[in-house]
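Read through the structure below, which is laid out as structure tokens, and then see the notes.
Below, chains carry the letters A, B, ... as their sequence lines are ordered, and counting in each starts from 1. The shown structure was predicted, so the numbers you read here are calculated from the model rather than taken from an experiment. Every heavy atom of this structure was used, including side-chain atoms; hydrogens, water molecules and symmetry mates were not.
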2 protein chains.
Amino acid sequence: MSGFRHVVVFRWRDDATAEQRKAVEDRLAELPGLIPELKAYAFGHDAGVNAGNFDFAVVADFADRDAYLAYRDDPRHRAIIDEFINPITAERHAVQYVLEP
Amino acid sequence: MSGFRHVVVFRWRDDATAEQRKAVEDRLAELPGLIPELKAYAFGHDAGVNAGNFDFAVVADFADRDAYLAYRDDPRHRAIIDEFINPITAERHAVQYVLEP
């Protein structure tokens with residue numbers, strides 16, 4: 001499918017609790033109902049297959065770059081980042097790329 | 001869709017050439033024709049929207065964890081990692097997670 005994809009991986013702080021990790025997933029799960037630009041949205045915690053992995057990943061697909069920017073800057077998304085994600089984030093790396101048809 | 005997703009992001013070495021970066025994409029593009037476990041496969045170089053991003057991301061979807069392991073360990077995949085990816089990789093972080101239906 002064509003479009004624009006946002007990929008981000010997180011390493012949580014060692015002192016992040018199970019409740020804090022679950023709260024991130026619970027809050028992110030609300031966003032597809034709030035931000036219509038989110039064409040596909042799938043996130044999850046690492047399955048534990050490989051040593052050295054990060055803890056959590058989000059993949060979000062949009063029609064185009066502008067739709068991604070609407071998600072990135074949506075105040076309901078920013079509030080989740082500020083209140084739930086940033087407090088437990090040790091490391092974060094992201095890439096956005098064009099999805100070829 | 002349900003399944004099992006592999007997400008990996010890379011920061012390339014500063015001395016990685018455009019030819020080396022393109023070779024990674026060209027070689028990875030061969031894998032869906034070789035590894036039938038790859039249900040969906042989309043990779044790309046960072047679009048340059050956000051400062052501080054990594055350089056390259058791969059998202060690969062599988063029916064289940066075993067199908068992912070077949071891809072991970074396929075010698076044609078490993079050869080691309082050894083010959084094209086590792087030589088230009090400065091940093092790499094991955095997550096695998098279950099895709100909920």
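At a threshold of 4.5 Å between non-hydrogen side-chain atoms, the residues B:Leu38 and B:Phe62 count as touching. A 4.5 Å side-chain heavy-atom check between B:Tyr41 and B:Val59 finds every atom pair outside the cut-off. Between B:Val7 and A:Val9, the closest side-chain pair of non-hydrogen atoms falls below 4.5 Å.
Against chain A, the residues from residues 63-73 of chain B that qualify, each with a non-hydrogen atom under 4.5 angstrom away, are B:Arg65, B:Tyr68, B:Leu69, B:Arg72 in number order. Interface residues of residues 84-94 of chain B toward chain A, defined by a heavy-atom distance below 4.5 Å and sorted by number: B:Glu91, B:His93, B:Ala94. Below 4.5 Å, heavy atoms of chain A meet no heavy atom from residues 14-31 of chain B.
The nearest pair of heavy atoms linking A:Tyr97 to B:Ala42 is OH-O, 2.7 Å. Pairing each heavy atom of B:Val95 with each of A:Asn53, the nearest pair is CA-ND2, 3.8 Å.
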TODO: Kindly determine whether B:Arg5 and B:Asp61 satisfy salt bridge (Lys or Arg N to Asp or Glu O under 4.0 Å), including the steps that lead there.
DONE: CA-CA 5 Å; B:Arg5 175 168 280 177; B:Asp61 291 343; 2.7 Å; yes
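Interface residue A:Asn50: backbone and side-chain heavy atoms are both found under 4.5 Å from chain B. Heavy atoms closer than 4.5 Å to chain B are found in the backbone of A:Phe43, but not in its side chain.
Heavy-atom pairs under 4.5 Å with chain A peak, among B:Val98, B:Val8, B:Asp46, at B:Asp46.
Salt-bridge annotation for A:Asp55 and A:Arg11: absent, with no side-chain N of the basic residue lying under 4.0 Å from a carboxylate O of the acidic one.
The environment of NE2 in A:His77 is crowded: more than 12 heavy-atom neighbours from other residues, nucleotides or ligands sit within 6.0 Å. Counting non-hydrogen atoms of other residues, nucleotides and ligands closer than 6.0 Å to CZ of A:Arg13 gives a total of 12 or fewer.
Sequence neighbours left out, the pairs with a member in residues 12-31 of chain B that pass ring pair (Phe, Tyr, Trp, His ring centres under 6.0 Å) are B:Phe10-B:Trp12, B:Trp12-B:Phe56.
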